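Model, not experiment: these values are computed from the prediction.
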Amino acid sequence: MKQLFPVPHVIGFVSSLLLSLIALVVVKFHLSFGMGMTILGITALIQAALQLFLFMHVGENENKSVLLTNIGYALFVGLVTIFGTLFAMMWGYQMI
């Protein structure tokens, strides 16, 4: 049974929750814009790295082209998500 328990997935999930709580500090304590964006950026980068190694199984493939393609795609999706969200929030805020 121990072989079937996904320890890396549980570690990834718990760390995701922890990083989300750290990002919540930005909202809860009304930090300045610069400090808030710094905290959000750092937590987003850490979370992206954790997902690459814990959920996408980066170290399991020996083929370098597949590895680089997976990392490139993950970075593309992450950057589009982050900057798209920021763009939508800033653009939506300007409309109000």
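For S65, the side chain to side chain donor-acceptor pair (under 3.5 Å) partners at least two apart in sequence or on another chain are N63.
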For residues 21-30, which side-chain donor-acceptor pairs fall under 3.5 Å, sequence neighbours excluded?
none

Review item, side-chain donor-acceptor pairs of residues 33-44, under 3.5 Å, at least two apart:
{"unit_1": "T38", "atom_1": "OG1", "unit_2": "G34", "atom_2": "O", "d": "2.7"}
{"unit_1": "T43", "atom_1": "OG1", "unit_2": "I39", "atom_2": "O", "d": "3.0"}
{"unit_1": "T43", "atom_1": "OG1", "unit_2": "L40", "atom_2": "O", "d": "3.0"}

Which atom pairs, one a donor and one an acceptor, fall under 3.5 Å between side chains of residues 82-89 and the rest of the protein, sequence neighbours left out?
{"unit_1": "T85", "atom_1": "OG1", "unit_2": "T81", "atom_2": "O", "d": "2.6"}

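L19 and L45 fall into different hydrophobic clusters, where Ile, Leu, Val, Met, Phe, Trp and Tyr side chains are chained together by heavy-atom contacts under 4.5 Å.
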